[in-house]
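Have a look at the structure below before the remarks.
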Amino acid sequence: VRTTATWLPSADVRLPAPDIARHVVETVQRGFYADNVAAGVPEPYRSAWMRPAQGGFVMADEARQLVTARDSGEGLTDEELYGLCFVTLSPGHDTTAHSMTLGFLALCRQPDQKAYLPDHPERLNNSLSEVMRHIAMSTAQPRVAADSFEWHGQRIEKGDFVYLMIAGANRDPAVFEDPERLDLSRATDKAMMFGGGIHHCIGHLLARMQLGEFFPEASRRYPDPEILDEALTWQPSLAFRGLEQLRVRMAPGRVTGGA
């Protein structure tokens, strides 16, 4: 079984994501389009931003509202519109796919923790947090300093571009005992993978729902998967860690209960 760390077709991964978002908006904002025009918009953008209609496709409600906000003079610029399209779609798809891949790899490397998941359904939410803390898929969040200040001897000027290192916070030994170890029974209330405050990930509930379905079921159905890749090839990204691919051989075990 060959699994990939992205839901975009390989040819589309090479396209600059902001250009894809711009293409989606400019292609569909005028109304109805023929099927062959809509087919030029790669998945998952087409499914998310366009919906079938008689004679072709029309813009989905969320994209239409963003374009309306721009055209009505409410202060949404073209760059902000394209950025919102990109932030809504790409991080939401790639981050969950990366979390599935890296989490599956981590659990395969620690069979005792893999077995913990289906045996402790009451601890699922905490277990998911520990998996995400451990794999460090979300490594950093970029920010622009609103004011000038000094932080631990380092001067930060207003307008400076800085990175908040989430992966470092999630491996802080002052907060997590033996932070390099995957321990699904540990308390994770101080884990930072989804950020905090007004920048808390808007898709965290969807991510937890998807991962909460995937990890326990994969552990239950495939108790002894074999990782075929000795060397891992990582995608070139600072903010989100992900593999180019993860080849796995899986044989179904005896399924008890459920479908």
Side-chain angles (χ1 to χ4, degrees), residues 1-7 91-139 141 165-197 200-229 232 240-243 245-259:
V1 177
R2 183 176 183 273
T3 65
T4 59
T6 177
W7 292 342
H93 284 277
D94 292 351
T95 54
T96 306
H98 290 328
S99 294
M100 287 180 176
T101 306
L102 296 178
F104 189 79
L105 175 63
L107 291 169
C108 287
R109 287 174 169 175
Q110 294 190 228
D112 61 321
Q113 298 301 301
K114 186 172 180 291
Y116 181 95
L117 270 172
D119 291 343
H120 296 83
E122 77 286 353
R123 298 277 296 172
L124 177 59
N125 195 49
N126 187 84
S127 296
L128 294 177
S129 295
E130 172 62 5
V131 169
M132 288 185 284
R133 181 203 68 82
H134 177 78
I135 64 177
M137 183 285 302
S138 180
T139 59
Q141 289 186 343
M165 304 309 296
I166 299 174
N170 282 337
R171 295 296 180 96
D172 186 351
V175 179
F176 302 100
E177 182 179 355
D178 193 6
E180 299 297 321
R181 178 171 55 91
L182 176 64
D183 180 4
L184 301 187
S185 65
R186 82 162 81 234
T188 58
D189 55 297
K190 294 184 179 180
M192 295 292 295
M193 56 276 169
F194 286 120
H200 190 75
C201 175
I202 62 173
H204 72 283
L205 293 178
L206 176 60
R208 286 187 181 277
M209 180 186 69
Q210 293 172 320
L211 298 176
E213 290 291 330
F214 173 74
F215 286 126
E217 195 64 14
S219 299
R220 187 173 69 93
R221 287 178 176 265
Y222 305 102
D224 298 304
E226 179 185 358
I227 303 298
L228 302 180
D229 292 320
L232 302 177
F240 302 129
R241 296 173 72 240
L243 298 173
Q245 69 173 25
L246 181 66
R247 295 184 305 136
V248 182
R249 181 181 292 119
M250 297 186 292
R254 182 180 179 182
V255 179
T256 58

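Residues in residues 180-196 take part in these side chain to side chain donor-acceptor pair (under 3.5 Å) pairs, two or more places apart or across chains: Asn126-Thr188, Glu130-Arg186, Arg171-Glu180, Asp178-Arg181, Arg181-Asp183, Asp183-Ser185.
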Q) Could you walk me through whether Val248 and Leu105 pass the side-chain contact (heavy atoms from CB on, under 4.5 Å) check? A) CA-CA 9 Å; Val248 182; Leu105 175 63; over 6 Å; no

Q: Show your reasoning for whether side-chain contact (heavy atoms from CB on, under 4.5 Å) applies to Met250 and Arg221.
A: CA-CA 9 Å; Met250 297 186 292; Arg221 287 178 176 265; over 6 Å; no

(Q) Would Leu243 and Asp229 count as a side-chain contact (heavy atoms from CB on, under 4.5 Å) here? Give the steps. (A) CA-CA 11 Å; Leu243 298 173; Asp229 292 320; over 6 Å; no

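Counting only distance, with no hydrogens or angles, the side chain of Asn170 and the backbone of Met192 share a donor-acceptor pair below 3.5 Å. Between the side chain of Arg241 and the backbone N or O of Thr139, no donor-acceptor pair lies under 3.5 Å.
The aromatic rings of Tyr116 and His120 lie parallel to each other, with less than 30° between the two planes, well short of the 60° mark.
Every residue two or more places apart in sequence or in another chain was checked for a side chain to side chain contact (heavy atoms under 4.5 Å, CB included) with Glu213, and none qualifies. Every side chain to side chain contact (heavy atoms under 4.5 Å, CB included) that Ala106 has, sequence neighbours left out, goes to His134, Ile135, Leu182.
With a 4.5 Å cut-off on side-chain heavy atoms, Arg123 and Leu184 do not count as touching. Looking at Met209 and Leu205, their side chains never come closer than 4.5 Å, going by heavy atoms from C-beta outward.
The environment of Glu122 atom CD is dense: over 12 non-hydrogen atoms of other residues, nucleotides or ligands sit within 6.0 angstrom.
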